[in-house]
Amino acid sequence: MGKTIAEKIFSLHAGEDVHAGDLVVAQLDFVMGQDGTAPLAINSFHEMGGRGVFDPSRVAFVIDHSAPSPNEGVSSLHRLMREFASEKKILLYDIGCGVCHQLVPEQGHVVPGDLVVGADSHTCTYGAINAFSTGVGSTDLAAAMISGKLWFKVPDSIKFICSGVLPEGVFSKDLILFLIGEMTADGATYLSAEFSGDAVKALEVEERFTISNMAIEMGAKAGLMEYDEKVEKWVKSHSTRPANPVFPDPDAGYEEVRQYDVSRLEPRVALPHTVDNVSPVKDVEGQEIQQAFIGTCTNGRISDLRTAANILKGQKVSPSVRLIVAPASREVYLEAMKDGSLQTLVEAGAAFVTPGCGPCVGTHNGVPSDGEHVISTANRNFKGRMGNSRAFIYLASPATVAASALTGKITDPRSYLQK
Amino acid sequence: MLLSGKSFKFGNDVNTDYIISGKYKFKTLDMNELARHVMEDLDPDFYNKISEGDMIVAGTNFGCGSSREQAPLAIKHAGISCVIATSFARIFYRNAINTGLPVVECDTSQIEEGDELEVDLAEGLVFNRGRGLEIPVKPLPPSMIRILADGGLIKHFQKHGDFKFD
């Protein structure tokens, strides 16, 4: 039988022919930790007797989750990361550089065919450029930094074939929210998800990252996509490393193949307090909101800011809403300055915060009050996620969040997009 | 190893934000401090209710969400001896084994809040004493058995300097 993308990447990195279910120790191309996970990994690294890292150019720390530091506890953990990075000569992306999952591909550290681990669950993002990337914990990160390897069970795969054309005003975020609603939070646990079909091919690489990013929200180990000319062009403009494209065999074995025609898909929203609690926007239209957030590793890219700017151009955010924007990286921030989206959004009333995770994880930058309703472009809406367990979080596309910020209520964006 | 304790029952999809909220975990590496806030958003009084050795019992997909290793560590430092769930999210499961928190996958529909439980990790069995039930456990993959036998991934590396599963 032929192989899936996951089976091929693991075969390449284990140095032997492997199939789903095999246990392997595989070579890693890149290893990443962030400020919520790296400090513990540094402790584990020392306890394990680690001296140097396997290859300093293939290890990065990113200070993004709580950056700049909001208190002295965080400051001391950031200092621990800076000291370790300097001593081991690994890459450090300090405050203001951006979100780890924007930086790793944007700065050219991952290319098609790679095997990457990151101590962050949304590491599955790089599947969009045909790399097998997955989240691990801090002790796995420490072992990976020391040895350049990690053990894996080669996963079975599930394939999503999405055909048709996404309607105007319906985005890749709506598609992945729809799929998570169909699959539920554990429908793809332990599986490698492959997203394919004409509707996926029609998406730009930036939009594809949004889908791969949220594969973990259905439990998947990775969210892989096929290599094509768009990936080739995107990777060439970001990395000097050679790509090693991997294609699934036509007779590859999948645990399940699911087909969807997306031509009639409508904007979607995940309702409090789980990501799989997905509903059409029209069913909750009119729900008042007090805060709107555009950013994160899911939807803080330049195309997302442009979509929001398109809706808010020449308009003012509702006086009852606080709109917070966190560009996914410094490059995105600069790009938004150059093309005018930054000015448009600020004129509309947006409060910009440092490139990074912003208020997504509830440590700073916009913790909601008791009973408040927040609409966000992030990937998680668990109770307490944004720092207050008595607040309510809705997840949607940047267009839906911008339109909702404008009206003060959850709003279908389709009549608000300007030509 | 034989573990015994009282059951504290939770539902499906208990995520790592509920186990230990992001608002605490970014501030400190003091796991005893984090342990005081374990499961706080689901049950604000949880830490005060439990005694050493008690067990968390849950439905499907326990530990879904973020990769934070503080989740199994906070549970362990709170004195919980074992987490029993119908199924676990992948990263949490790895982290638990790596940090030496026993996790047991079995049908938890026959366990209620407050049941007195015994878990035999070597035999792979859960005994529900009050109800006289024996519940079989799904076995671990061989690599995880090796890591657990060494006392976690840190000790595995201290011993072998690398991954060693042969």
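Reminder, nothing fancy here: chain letters follow the sequence lines and each chain counts from 1. Every value quoted in this text rests on a predicted model; they were computed, and no experiment measured them.
The choice from G387(A), G50(A), G384(A) that makes the most heavy-atom pairs within less than 4.5 Å of chain B is G387(A). Between chain A and the options N15(B), D162(B), L73(B), T99(B), heavy-atom pairs under 4.5 Å are most frequent for N15(B). Among A185(A), G362(A), G219(A), S75(A), the residue with the largest count of heavy-atom pairs under 4.5 Å with chain B is A185(A). Counting heavy-atom pairs under 4.5 Å between each of G49(A), S389(A), A143(A) and chain B puts A143(A) at the top. Most heavy-atom pairs under 4.5 Å with chain A: of the set I91(B), I154(B), T16(B), D17(B), this distinction falls to I154(B). The residue among L150(A), L80(A), L141(A) with the most heavy atom pairs within less than 4.5 Å of chain B is L150(A). Of the residues considered (A142(A), S121(A), G73(A)), S121(A) shows the highest number of contacts with chain B, using heavy-atom pairs under 4.5 Å. Comparing L42(B), I147(B), N98(B), T60(B) by how many heavy-atom pairs each has under 4.5 Å with chain A, the most go to N98(B). Interface check for chain A: of the options R68(B), M144(B), K155(B), H156(B), the most heavy-atom pairs under 4.5 Å are formed by M144(B).
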Can you check side-chain contact (heavy atoms from CB on, under 4.5 Å) on F165(B) and L23(A), steps first, answer last? CA-CA 10 Å; F165(B) 300 136; L23(A) 288 170; over 6 Å; no
Would you sort out whether E69(B) and T37(A) count as a side-chain hydrogen bond (donor to acceptor under 3.5 Å, both in side chains), showing the intermediate values? CA-CA 7 Å; E69(B) 203 162 286; T37(A) 56; over 6 Å; no
Trace of the side-chain contact (heavy atoms from CB on, under 4.5 Å) decision for Y18(B) with H273(A): CA-CA 11 Å; Y18(B) 293 168; H273(A) 296 287; 3.9 Å; yes
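Here S66(A) contributes atom OG and K23(B) contributes atom NZ; the two are 13.5 Å apart, rounded to the nearest 0.5 Å. To the nearest 0.5 Å, atom OH of residue Y190(A) and atom CZ of residue F88(B) are 8.0 Å apart. Once rounded to the nearest 0.5 Å, the distance linking CD of Q34(A) with CZ of F26(B) reads 5.5 Å. Atom NZ of residue K25(B) and atom NE2 of residue H65(A) lie 6.0 Å apart, to the nearest 0.5 angstrom. Separation of atoms CZ (F157(B)) and CD1 (I146(A)) is listed at 6.0 Å; rounding is to 0.5 Å. Distance check, rounded to the nearest 0.5 Å: CG of D120(A) to OG of S67(B) gives 5.0 Å.
With a 4.5 Å cut-off on non-hydrogen atoms, V74(A) touches chain B through its backbone and its side chain both. Residue Y24(B) does not touch chain A at all, counting heavy-atom pairs closer than 4.5 Å. With a threshold of 4.5 angstrom between heavy atoms, R380(A) approaches chain B through side-chain atoms but not through N, CA, C or O. The part of N43(A) that comes within reach of chain B is its side chain, from C-beta onward, which places non-hydrogen atoms under 4.5 angstrom from that chain. For T139(A), the parts sitting under 4.5 Å from any heavy atom of chain B are the backbone and the side chain alike. With a 4.5 Å cut-off on non-hydrogen atoms, F163(B) touches chain A through its side chain but not through its backbone. Of the atoms belonging to S66(B), heavy atoms from both backbone and side chain fall under 4.5 Å from chain A. For H46(A), no part sits under 4.5 Å from any heavy atom of chain B, backbone or side chain. Interface remark: E40(B) contributes no atoms to any contact with chain A (heavy atom separation under 4.5 Å). When heavy atoms are compared at a cutoff of 4.5 Å, L40(A) approaches chain B by way of both its backbone and its side chain. When heavy atoms are compared at a cutoff of 4.5 Å, F92(B) does not approach chain A at all. Contact of P72(B) with chain A is not made at all, since no heavy-atom distance falls under 4.5 Å.
Within a 6.0 Å radius of CZ in R82(A), other residues, nucleotides and ligands contribute more than 12 heavy atoms. Counting non-hydrogen atoms of other residues, nucleotides and ligands closer than 6.0 Å to NZ of K9(B) gives a total above 12. When the shell of 6.0 Å around CD of E72(A) is examined, it contains 12 or fewer heavy atoms from other residues, nucleotides or ligands. The number of heavy-atom neighbours closer than 6.0 Å to CZ of R146(B), taken from other residues, nucleotides and ligands shown, is above 12. Atom NZ of K164(B) has 12 or fewer neighbouring heavy atoms from other residues, nucleotides or ligands inside a 6.0 Å radius.
Applying the salt bridge (charged side-chain N to carboxylate O under 4.0 Å, His left out) definition to pairs two or more places apart or across chains, those involving residues 81-107 of chain B are D140(A)-R94(B), E105(B)-K138(B).
Side chain of N95(B) to main chain of G137(A): a donor-acceptor pair is present (N/O by atom type, distance under 3.5 Å, no hydrogens or angles). Looking only at distances, no side-chain donor or acceptor of E47(A) sits under 3.5 Å from a matching main-chain atom of Q158(B).
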